2 protein chains.
Amino acid sequence: MNKINKNKSFSVGRLTKIKKAIIIILSENHCFLSKAGLIEKLNDIKINPNRSTIYRELQFLTKSGIIIKNTISGTDYYEIPKDHHHHHHLVCLSCNRIEKVKITNQLKKQEKQIAKQKNFNIINHSLEFYGYCQKCQV
Amino acid sequence: MNKINKNKSFSVGRLTKIKKAIIIILSENHCFLSKAGLIEKLNDIKINPNRSTIYRELQFLTKSGIIIKNTISGTDYYEIPKDHHHHHHLVCLSCNRIEKVKITNQLKKQEKQIAKQKNFNIINHSLEFYGYCQKCQV
DNA sequence: ATATTTGCAAACGTTTTGCATAGTG
DNA sequence: CACTATGCAAAACGTTTGCAAATAT
């Protein structure tokens, strides 16, 4: 029983080199990674898995609650949730660049309130601000 | 020059019956709509546009800033932004059901702060809480 | 009259699937 | 040994594109 998923328990499956590598890369990465970014980093360490393996593995790890998926502007990003690294995003509607941003908020308090009110067990949240970055403000 | 998009001005284009219908349906809808949901509502009023027309129109209206797109768990949803109807979402990781939720927050205040700090012109934001709904808490 | 919008069919890229093989526990 | 993970090729899926006809201004 882990902190990430209180409701269901899944096996992590067999610790193959591909799975191990994905988990290590994601856990060492300071931010989230797209599929393409992950594949690049895998290739860097001479691991070249098949496309379907990547898809299956990411799906599996997401369902297991080991990693979380966040879709921004049509692209999926993956990360291993770490409370102390939690941040949000500024997404430029023009150039699509994504910037991390930390805001001093009390979403945790809100989460507890919602959990109680709606009987909804919140695992994590995502907050994105959409707009125009400095460069794209004509 | 409208409130929705301060940076770029786009034409709304020609007001064809399809475009009119999409705008009316989205503006009358209390919440956001998926592509499938929109098509269903169009069909209800005997408008059966081609797939590519829907794609092109939604893309066009999104770029124009008339409607906004929000991608949750891989599905795109569209809505006409209305400040007083603004809300956030509870997304169940198990059954994928999406529930609206209003939280009393000061994200507006945060937005102003970020806008100043990062010189980022925020048009809107999206906040989703991921977790397990009542039914799916085994 | 002219420029935009539409439908159609084909192309495209991404994700998923079935199956035989390789690898893990 | 039994079962899971992998690679491969094909299929499925959603989305985009080029072009000719229809439509709005």
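Chain A is the first sequence line, chain B the second, and so forth, proteins listed ahead of strands; every chain is numbered from 1. Treat the numbers as computed from the prediction; the structure is a model and nothing was measured.
Proximity of T16(A) to the phosphate of dT6(D): a side-chain N or O atom is located under 4.0 Å from OP1 or OP2. For the OP1/OP2 pair of dG7(D) and a distance below 4.0 Å, the side-chain nitrogens and oxygens of T53(A) include at least one atom meeting the criterion.
Aromatic ring orientation, H89(A) versus F32(A): parallel (interplanar angle below 30°, classes split at 30° and 60°). Between H86(A) and H125(A), the angle of the ring planes goes over 60°, which puts this pair in the perpendicular group of the 30/60° scheme.
Out of dA9(C), dT16(C), dC19(C), the shortest distance to the side chain of Q59(A) is found at dT16(C). Checking dA5(D), dG7(D), dA24(D) against every side-chain atom of I18(A), the shortest atom distance belongs to dG7(D). Distance from the side chain of R56(A) is smallest to dG18(C) among dG18(C), dT16(D), dA5(D).
Residue K35(A) is classed as a sugar-phosphate contact, given heavy-atom separations below 4.0 Å to backbone atoms only.
Rounded to whole Å, the distance from CG on D76(B) to C1' on dC13(D) is 14 Å. If you take NZ of K69(B) and C1' of dT15(D), they are 11 Å apart, rounded to a whole angstrom. Atom OH of Y55(B) and atom C1' of dG13(C) are 13 Å apart (whole Å).
A continuous path of ILVMFWY side-chain contacts below 4.5 Å connects V12(B) to I22(B), so both sit in one hydrophobic cluster.
Near-neighbour residues of DNA chain D inside residues 41-51 of chain B, defined by a heavy atom below 4.0 Å, number-ordered: R51(B).
Below the 3.5 angstrom threshold, one finds a donor paired with an acceptor across the side chain of R14(B) and the base of dA3(C).
Across T62(A), N70(A), I68(A), a single residue satisfies side-chain contact (heavy atoms from CB on, under 4.5 Å) together with Y78(A), and that is T62(A).
Where E57(B) and L15(A) each meet DNA chain C at their nearest nucleotide, the meeting point lying more 5' is that of E57(B).
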